[in-house]
Amino acid sequence: MLNAARNAPPANGVEETHLAAIAVKGHLGVMGTTTRKSSGRPDVSEALTGLQQVACTNTALRRASRRLGQLYDEALAPTGLRGTQVSLLTQIDAMTLPTNRGNAAGPTLQELASQLSLRVSGITHALSPLVRDGLVELMQDALDARVKHALLTSKGRARLAKAIEHWAIANRHVEKIMGSAKTAKLRELADQISTETFDLSAELRIPSRKRKTKAAV
C-alpha cells in the first residue's frame, strides 16, 4: 500500500495556510541569497521571483500527498472510511498479530505513535471515531492501568477486509499511471523520509520529537 502514512497523518488546515509564508521566510535558502536595496532592506519582490524558479520539495510533496489522499478516499468512500483510517486499522492489525509481536492485546498508543511518526495525542484523536463506531477497542494493560492497547473488534476486522478490496483498486490505478518501478521507488523514498534521519532537532537545537512524546498511555 502507498502509505502517506502510514499513512502518518495528513497536513492540517493551519499548516496549509502557512505553507507559503514558511517558504518565503527562507526554508529554501532563497532569502539568504537575495540582494538588498539601498535602504538595506531585503528586496522581497526579487526573493519571490527567485522562489518561483526553485522547485520546492515541501510544496511538491504536500501537493502529491493531497492528490493521493483524495484518490484513496474516493476509492474507499463505499466503506465509510478514509485512507488515513484504513492505514491506522491496518497498522493496529499488523502489530497485533502474534507472529509479529507476540502481543495479543494489541499495540500501545505509544507504540502506534512511534510507528506512524505521530504524537500520542494525534493517535488518540484519530482513534476516537473508530472507537465510537465500534471498530477499535481500547484496553487497559494487565500490569499498568495507565497504559492502553488498541485492538480491532470483529466489526473492525470485517470493515478493514472490505476496505482493503477498495484500497487495491486505487493501488492498481496508481501503478497503471506511474508503472510498478516508479511506484515501488515512491514507497521507498516515502519510507526514507519517515525515518529519524529527517529529524531537524539537532540543527535547530530543540528537543527531538521522539523525546517530547509522552510516556505510553
Side-chain angles (χ1 to χ4, degrees), residues 1-20 22-23 55-97 106-107 109 112-113 115-119 121-138 150-195 198:
M1 293 182 183
L2 280 173
N3 197 331
R6 283 193 315 262
N7 335 168
N12 59 41
V14 175
E15 289 175 332
E16 294 297 333
T17 301
H18 292 284
L19 179 58
I22 293 172
C56 178
T57 302
N58 186 35
T59 301
L61 286 176
R62 286 181 181 275
R63 184 168 58 245
S65 178
R66 285 196 301 271
R67 185 64 191 97
L68 280 175
Q70 292 169 355
L71 187 150
Y72 280 86
D73 284 345
E74 290 172 5
L76 290 167
T79 71
L81 295 171
R82 297 177 62 84
T84 51
Q85 293 175 319
V86 173
S87 294
L88 184 53
L89 292 174
T90 300
Q91 193 64 56
I92 294 172
D93 188 54
M95 295 177 73
T96 303
L97 294 177
L109 303 195
L112 273 176
Q115 187 67 27
L116 296 174
S117 299
L118 293 172
R119 295 182 185 275
S121 59
I123 288 292
T124 302
H125 178 75
L127 284 173
S128 293
L130 301 176
V131 172
R132 179 199 64 207
D133 294 342
L135 305 181
V136 173
E137 181 180 2
L138 297 182
L151 184 67
L152 296 189
T153 63
S154 57
K155 180 179 179 181
R157 289 192 295 272
R159 184 77 67 86
L160 177 59
K162 180 180 179 181
I164 289 176
E165 296 177 2
H166 290 266
W167 186 283
I169 295 174
N171 258 4
R172 288 194 294 269
H173 176 74
V174 172
E175 292 205 9
K176 177 181 178 181
I177 299 300
M178 296 185 62
S180 298
K182 286 185 177 180
T183 303
K185 186 63 176 180
L186 178 61
R187 288 194 293 267
E188 178 186 341
L189 293 174
D191 287 340
Q192 181 181 355
I193 292 173
S194 299
T195 65
F198 276 75

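- Counting all heavy atoms, side chain and backbone alike, Thr183 lies closest to Gly179 at OG1-O, 2.8 Å.
- Remark: the backbone N or O of Gly83 is paired with a side-chain donor or acceptor of Asp73 at under 3.5 angstrom.
- Here the side chains of Ile193 and Leu61 are in contact, with some heavy-atom distance below 4.5 Å.
- With Thr90 contributing its side chain and Val86 its backbone, the two residues share a donor-acceptor pair below 3.5 Å.
- Every residue two or more places apart in sequence or in another chain that forms a salt bridge (Lys or Arg N to Asp or Glu O under 4.0 Å) with Lys185 is listed here: Glu188.
- Pairing each heavy atom of Leu76 with each of Leu81, the nearest pair is CB-O, 3.4 Å.
- A distance of 11.5 Å separates CG of Asp93 from CG of Leu88, quoted to the nearest 0.5 Å.
- Interatomic distance, Gln91 CD to Gln115 CD, rounded to the nearest 0.5 Å: 4.5 Å.
- Arg159 contributes atom CZ, which lies 9.0 Å from atom CG of Leu130 (distance to the nearest 0.5 angstrom).
- Atoms CG and CG, from Leu112 and Leu118 in turn, are 9.0 Å apart once rounded to the nearest 0.5 Å.
- Taking CZ from Arg82 and CD from Gln70, the interatomic distance works out to 9.5 Å, rounded to the nearest 0.5 Å.
- Once rounded to the nearest 0.5 Å, the distance linking CD1 of Ile177 with CG of Leu71 reads 9.0 Å.
- Residues Ala163 and Thr79 approach most closely at CA-CG2, 3.8 Å, considering heavy atoms.
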**OP:** Any chance you could lay out the side chain to side chain contact (heavy atoms under 4.5 Å, CB included) test for Arg67 and Arg63, step after step, and finish with the verdict?
**Re:** CA-CA 6 Å; Arg67 185 64 191 97; Arg63 184 168 58 245; 5.9 Å; no
Please tabulate, for side-chain N and O atoms in residues 151-158, each donor-acceptor pair with protein atoms closer than 3.5 Å (sequence neighbours left out).
residue : atom : partner : partner atom : Å
Thr153  : OG1  : Gly134  : O            : 2.5
Thr153  : OG1  : Leu135  : O            : 3.3
Thr153  : OG1  : Lys155  : N            : 3.4
Thr153  : OG1  : Gly156  : N            : 3.0
Lys155  : NZ   : Asp133  : O            : 3.0
Arg157  : NH1  : Leu152  : O            : 3.1

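- Shown here for Ala150 and Thr96, the closest heavy-atom pair between the two residues is O-OG1, 4.2 Å.
- Nearest approach of Ser128 to Thr124, heavy atoms of both residues: OG-O, 3.0 Å.
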**OP:** Tell me, with the steps shown, if Leu127 and Leu109 meet side chain to side chain contact (heavy atoms under 4.5 Å, CB included).
**Re:** CA-CA 10 Å; Leu127 284 173; Leu109 303 195; 3.6 Å; yes
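- Counting all heavy atoms, side chain and backbone alike, Gln85 lies closest to Pro129 at NE2-CG, 3.8 Å.
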